[in-house]
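Here's the structure, in structure tokens; my notes come after.
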Amino acid sequence: MSILVLGGAGYIGSHTVYALKEAGEDVVIIDNLETGHIEAVHPDARFYEGDIRNRTFLDSVFEKEKDIKAVIHFAANSLVGESMVNPLKYYDNNLCGTKVLLESMLAHDIKKIVFSSTAATYGEPERVPILETDRTEPTNTYGETKLSMEKMFKWTDKAHGLKYVSLRYFNACGAHESGMIGEAHNPETHLIPLILQVPLGKREAISVFGNDYDTKDGTCIRDYIHVTDLAQAHILAVKYLLEGNDSNIFNLGNGVGFTVNEVIETARKVTGKEIKAIMAERRAGDPAQLIASSEKARTVLGWNPQHADLEEIIASAWKWHSTHPNGYAK
Ligand code: UDP
């Protein structure tokens with residue numbers, strides 16, 4: 001039995017492939033390497049370079065890899081800012097790509113899929129911690145396309161019995177303990193890697209996007225979840241589907257929020273370096289706080305995050321970034 005990972009050369013995808021291999025699974029990867037990195041592809045996985053919008057290409061992989069029992073789908077664009085200036089790119093890759101994928105899966109009678117969703121499906125939350133049943137009103141195109149993907153899966157399930165698990169990630173961070181793979185976005189927009197660019201000498205200071213929010217120190221609160229814990233949730237979700245369970249949606253976070261200032265302070269402690277912070281304007285579309293209730297994933301999937309400590313999360317990110325200051329580039 002093999003598991004097909006779409007986007008297996010990306011940040012969360014590559015960590016999930018490593019976890020699947022550590023669990024002894026046979027893994028096939030598809031990635032178009034637009035934002036993924038060839039260096040992040042696990043050496044013991046079978047890799048096909050190509051785009052999920054290309055039906056002929058997808059069909060050829062399913063025809064060659066006859067043993068695929070489930071798909072894990074990470075192949076999407078995921079930058080909030082970019083999605084606001086180029087929304088149609090997000091509709092094309094995230095929605096049209098997923099449509100072609102589903103057609104190809106159905107044609108090959110593969111009916112189990114786990115896919116990346118996001119806390120951005122909620123928009124400004126009506127309360128925290130956020131439950132899966134809470135209102136979903138995205139404030140950006142990225143979140144909107146992910147919510148539309150969830151709905152595409154829902155109706156495809158009703159019509160064709162395709163079973164899915166949607167995993168709504170909160171703030172993914174940290175890196176694999178081996179130091180072999182980690183976060184490497186270009187351009188980088190995420191808080192923790194940007195903070196760590198300061199002690200690496202790549203950035204003068206970290207800009208804090210707004211200090212007038214209604215939070216304890218005025219800066220935004222997020223729920224930071226270690227990428228290795230996210231990876232484990234995908235393995236549990238595949239198991240859940242292969243056991244014959246019904247389609248479902250789960251939040252993945254630690255249920256604890258930290259302010260931007262607290263994250264910077266923890267990074268100072270972990271790196272032992274001065275990290276200059278400067279106040280900046282609010283970033284458009286940022287909710288004041290996003291904190292997950294992951295009780296459902298814990299109860300139904302048996303998920304139990306192992307790296308919830310923020311110091312440990314930042315230490316693992318620091319180990320990666322300090323040894324790979326230019327990401328995968330030599
Ligand atoms: N943030 C910040 N400065 C930066 C990047 C991010 O203050 O240079 C803040 C951002 O406003 C948000 C939090 O850090 O409140 C996490 O942002 P990130 O982009 O990492 O993840 P998001 O919450 O958007 O998924």
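One-based numbering, in listed order, for ligands and for the atoms of each.
At a threshold of 4.5 Å between non-hydrogen side-chain atoms, the residues L106 and K111 count as touching. Using a 4.5 Å heavy-atom threshold, the side chains of I264 and I206 count as touching. Between Y122 and E137, every side-chain heavy-atom pair lies at or beyond the 4.5 Å cut-off.
For ligand 1, the atoms closer than 4.0 angstrom to any heavy atom of T189 are 5 (C), 19 (O). Short contacts between ligand 1 and I206, defined as distances under 4.0 Å to a heavy atom of the residue, involve ligand atoms 8 (O). For ligand 1 and V208, the ligand atoms under 4.0 Å from any heavy atom of the residue are 7 (O).
A salt bridge is defined here as a Lys NZ or Arg NE, NH1 or NH2 lying under 4.0 Å from an Asp or Glu carboxylate O, and R55 with D59 meets this definition. A salt bridge does not link E274 with R268: every distance from a Lys NZ or Arg NE/NH1/NH2 to an Asp or Glu carboxylate oxygen is 4.0 Å or more. Taking the charged nitrogens against the carboxylate oxygens, D286 and R283 do have a contact shorter than 4.0 Å, which makes a salt bridge.
Ring planes of F250 and Y240: perpendicular class, angle over 60° (limits at 30 and 60°).
What sits closest to atom 15 (O) of ligand 1 on the protein, heavy atoms only, is C220 CB, 3.0 Å. Shortest contact from atom 3 (N) of ligand 1 to any protein heavy atom: S207 O, 2.7 Å. Among protein heavy atoms, the minimum distance from atom 7 (O) of ligand 1 is reached at F209 N, 2.9 Å. For atom 11 (O) of ligand 1, the closest non-hydrogen atom on the protein side is D286 OD2, 2.5 Å. The protein atom (non-hydrogen) at minimum distance from atom 21 (O) of ligand 1 is N171 ND2, 3.0 Å.
Of the polar atoms of V260, none of the N or O atoms is found under 3.5 Å from an N or O of ligand 1, judged by distance alone. Residue R222 has at least one nitrogen or oxygen atom sitting less than 3.5 Å from a nitrogen or oxygen atom of ligand 1, judged on distance alone.
The cationic group of R222 does not satisfy the cation-pi geometry with F258, failing either the under 6.0 Å distance to the six-membered ring centre or the 45° limit from the ring axis.
Residue contacts with ligand 1 leave out V80, since none of its heavy atoms falls under 4.0 Å from the ligand. For Y224, the closest heavy-atom approach to ligand 1 falls below 4.0 Å.
In T219, neither the side chain nor the backbone holds a heavy atom less than 4.0 Å from any atom of ligand 1. Contact annotation: for L191 versus ligand 1, heavy atoms closer than 4.0 Å belong to both the backbone and the side chain.
Applying the ring pair (Phe, Tyr, Trp, His ring centres under 6.0 Å) rule to pairs touching residues 281-309 yields H226-H307, sequence neighbours excluded.
Distances from atom 24 (O) of ligand 1 to the heavy atoms of H190, E188, R283 show the closest one on R283.
You'll find the ring centres of H73 and Y164 outside the 6.0 Å limit.
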